[in-house]
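Data block below; observations after.
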Amino acid sequence: GGSCPQKNAEILSSQYGINLFLAGLLLTFAWAVHAVGISKSHLLSYLITLMLIQLLWMLWYLCRSCTQRRLIRDKDTHAGARWLKCGITLFAVITLILDSFKVGYYIDFSNCLSPTEGIFPVTHAAHTILQVYFLWCHAKDIIQSFKTLERFGVIHSVFTNLLLWTNGVLTESKHQLNEHKERLITLGFGNITIVLDDHAPQCNCTTTTLCSIFSQGIYYLYPFNIEYHILASTMLYVLWKNIGRKVEHHQQHKTPFKFHGITVGMIFGLIVLTSTIAVVVVYLIQIGRSKVKSELALTMFYLHAIFVLALMCTAGVVALLIYRLEDRSLDNSKNPARKLDAELLVGTAAGSWLLSWGSILAIICAQAHPKYTWYNLPYSVLVIIEKYIQNLFIIESIHREQEKANDDIKTLRIVTISRGSTLSLTPSYKEIYNGRATCDIGELPCLVSSSICARESDGSGSANEETNQGNSPVMHSASEFSFYSRSSVADNKRRILKNIAAFLFLCNLSLWIPPAFGCRPEYDNGLEEIVFGFEPWIIVVNLAMPFSIFYRMHSAASLFEVNCKT
């Protein structure tokens with residue numbers, strides 16, 4: 001009888017969150033298009049109010065948890081992994097630096113800026129600190145009390161972070177768009193109307209040098225702020241889905257990250273990462289300088305990306321072939337975190353697929369084709385294929401049951417010796433895998449009077465066994481060699497999969513860097529703007545690019561988990 005009210009509470013809270021988000025989204029859009037009567041102070045006031053409400057809820061939850069700290073609470077062992085918490089902490093620290101830059105920027109332009117632009121970064125900094133602490137302490141919680149109230153509190157937090165993410169994406173996109181419009185002139189696309197969308201303050205800065213540092217630094221830090229808020233919203237969403245959930249109590253096997261055995265994947269991945277950073281630096285320096293330099297920068301980017309994507313496709317295909325050769329069942333148990341990971345992978349990949357299909361159609365339909373635009377065709381095709389293969393690999397990896405080695409269950413085997421017979425216990429699989437198997441018969445337990453006795457001492461027992469060994473060799477059965485052979489093959493497969501996961505992890509980090517820091521050929525090659533029109537294509541890019549950027553970071557996080565699990 002209690003399930004119906006709780007289901008209603010879930011529906012009501014989700015509708016509350018969606019309306020909260022839509023109101024903020026419309027306000028953000030109105031500010032972006034310079035709607036009459038809507039200023040930035042109105043948008044910031046709305047966001048400040050949402051953050052203050054979330055702060056009050058988090059403080060109430062923390063105080064209530066402190067008073068009930070002695071109670072045993074259910075935990076979702078799959079949610080809020082330690083490496084995920086460390087990642088969001090790193091992004092939060094950089095976000096705090098961004099907030100300090102905004103405070104400095106407000107101080108320098110305080111004569112003509114609204115007070116909300118000074119209040120916002122201070123409120124946001126307090127919100128960031130408390131939210132990271134909350135996620136570290138309670139991301140794994142399965143809430144079983146005050147469930148209706150908590151549903152509204154958590155879903156409010158989810159959509160508050162989504163609105164902060166949207167605000168960051170829009171601000172950063174407007175900055176990138178202004179730079180893009182200026183660069184189009186150097187590529188010879190003079191027929192496109194260039195109108196800069198400027199929200200700069202209408203007054204002079206008190207200290208010109210500091211203003212330049214703050215204004216430029218803010219836009220380089222925005223990618224980390226964007227990732228912080230989307231990660232926070234996903235962790236809070238899992239917490240919301242876990243409210244009132246009943247879980248089975250079972251031991252969770254820890255999967256720590258180890259560098260051992262992934263040297264090859266790490267080396268190739270670091271080479272890709274280093275080369276990508278070099279390409280991005282050269283691209284940002286050369287693009288917009290002249291038509292020739294811009295075309296060379298675009299050609300360099302496409303050739304590098306084609307090579308990296310081809311390597312990633314090959315690695316993904318090899319991993320899938322290894323999975324096809326294995327016979328291991330999938331874990332289909334209910335897991336909100338894993339389900340969300342799979343949905344986000346496919347959903348955010350659609351952003352890149354949309355841009356890639358747009359580029360393919362533009363190349364097919366365009367009347368004139370500059371030489372550098374032809375490299376866009378294999379690049380766009382490889383983006384589609386690579387994401388398709390990688391999604392299959394990651395989703396299957398996170399659903400595969402983890403291989404367990406149980407020390408308490410050992411295989412009984414008869415070891416035949418010329419002078420009598422001994423029933424012994426073979427080493428467990430874990431002992432073989434770790435290289436601790438031993439052939440010292442003195443360490444094997446024996447069967448005496450139909451019961452298994454303790455290990456013999458190093459005295460007479462060892463001497464007797466050595467005498468037996470000297471008189472007659474042990475006859476190893478064919479099944480024993482087969483067991484060792486299967487163990488070796490499984491070990492080699494596992495090592496290859498770990499290297500592939502490590503390589504793809506670093507490659508996804510590498511491919512996150514270019515669009516996050518302004519290296520966006522979808523903006524700069526100009527072909528799509530001619531075919532689809534400037535404004536329609538820019539709208540498509542601005543909508544799809546944030547999802548494409550998030551896909552790379554989310555894929556890297558998922559591949560890190562795959563590496564730990566394999």
Side-chain angles (χ1 to χ4, degrees), residues 2-22 50 53-54 57-58 60-62 64-65 72-85 87-88 131-132 134-165 227-250 252 330-348 391 394-395 398-399 547 550-551 553-555 557-558 561 565:
S3 59
C4 184
Q6 288 304 315
K7 189 64 179 178
N8 289 338
E10 182 178 347
I11 295 171
L12 287 173
S13 63
S14 62
Q15 291 181 115
Y16 162 75
I18 291 171
N19 280 279
L20 201 72
F21 179 73
L22 291 176
L50 295 183
I53 294 172
Q54 184 185 344
W57 172 77
M58 287 190 296
W60 178 82
Y61 187 91
L62 290 171
R64 192 169 64 84
S65 299
I72 299 175
R73 297 188 177 191
D74 290 331
K75 298 285 185 180
D76 182 358
T77 53
H78 297 280
R82 185 174 294 273
W83 56 266
L84 186 59
K85 293 175 183 176
I88 199 173
Q131 182 169 256
V132 170
F134 175 84
L135 290 173
W136 265 96
C137 298
H138 301 286
K140 295 178 178 291
D141 286 2
I142 297 179
I143 301 171
Q144 300 292 357
S145 60
F146 294 93
K147 288 183 283 188
T148 301
L149 178 61
E150 302 296 9
R151 286 185 193 278
F152 280 88
V154 178
I155 206 67
H156 177 94
S157 304
V158 171
F159 283 102
T160 297
N161 278 277
L162 283 177
L163 276 175
L164 291 169
W165 171 75
E227 294 300 328
Y228 161 71
H229 281 298
I230 198 68
L231 279 178
S233 62
T234 55
M235 293 177 72
L236 288 164
Y237 177 78
V238 172
L239 179 64
W240 181 74
K241 291 295 289 184
N242 277 329
I243 295 175
R245 177 185 165 207
K246 294 181 180 180
V247 295
E248 297 178 0
H249 296 278
H250 57 86
Q252 172 68 17
L330 298 180
D331 181 9
N332 294 316
S333 61
K334 186 178 180 180
N335 187 331
R338 186 174 57 200
K339 185 174 182 290
L340 180 62
D341 284 340
E343 291 173 349
L344 285 175
L345 282 171
V346 178
T348 56
N391 286 347
I394 294 175
I395 292 172
I398 62 179
H399 280 85
F547 295 100
F550 173 71
Y551 172 84
M553 185 58 68
H554 183 63
S555 296
S558 299
E561 182 180 356
K565 187 178 179 180

**Message:** I'd like to check Leu164 versus Tyr228 (side-chain heavy atoms, cut-off strictly below 4.5 Å). Are they in contact?
**Reply:** no
**Request:** For the pair Trp165 and Phe547, name the ring-plane relationship: parallel under 30°, tilted 30 to 60°, perpendicular over 60°.
**Result:** perpendicular
**Item:** Ala557: side chain to side chain contact (heavy atoms under 4.5 Å, CB included) partners, not counting sequence neighbours
**Value:** Trp83
**Message:** Measuring from atom CZ of Phe152 to atom CG of Leu20, what distance do you get when rounded to the nearest 0.5 angstrom?
**Reply:** 11.5 Å
**Asked** Just how far is it from atom CD of Glu150 to atom CD1 of Ile155, taken to the nearest 0.5 Å?
**Response** 13.0 Å
**Asked** Roughly how far, to the nearest 0.5 Å, is the CG atom of Leu50 from the CG atom of Leu163?
**Response** 6.5 Å
**Prompt:** Could you state the interatomic distance from CD1 (Ile243) to CD (Glu10), rounded to the nearest 0.5 Å?
**Reply:** 8.5 Å
**Complete:** Distance col, row Ile53:CD1 vs His156:NE2, nearest 0.5 angstrom, shows 4.5 Å
**Message:** Gln54 vs Asn161, test: side chain to side chain contact (heavy atoms under 4.5 Å, CB included). Steps then yes/no.
**Reply:** CA-CA 10 Å; Gln54 184 185 344; Asn161 278 277; 4.0 Å; yes
**Asked** Should Asp141 and Phe134 count as side-chain neighbours, where that means a heavy-atom distance under 4.5 Å?
**Response** no
**Complete:** For Val158 and Tyr237 the tightest heavy-atom approach is CG2-N, 3.6 Å
**Prompt:** How would you list, by chain and number, every residue that makes a salt bridge (charged side-chain N to carboxylate O under 4.0 Å, His left out) with Glu227, sequence neighbours excluded?
**Reply:** none
**Item:** Heavy-atom closest contact (Ile395 atom, Leu345 atom, distance)
**Value:** CG1-CD1, 4.1 Å
**Complete:** Here the pair of heavy atoms bringing Leu340 nearest to Thr234 is CD2-O, 3.7 Å
**Request:** Using the six-membered ring wherever Trp is involved, compare the ring planes of Tyr61 and His138 and label them parallel, tilted or perpendicular (cut-offs 30° and 60°).
**Result:** perpendicular
**Message:** Can you tell me how far apart CH2 (Trp240) and OG (Ser157) are? Round to the nearest 0.5 Å.
**Reply:** 13.0 Å
**Request:** Please name the pair of heavy atoms, one in Met58 and one in Gln131, separated by the smallest distance, quoted to 0.1 Å.
**Result:** SD-CA, 3.8 Å
**Asked** Which atoms form the tightest heavy-atom contact between Ser555 and Ile394, and what is the distance?
**Response** O-CD1, 4.1 Å
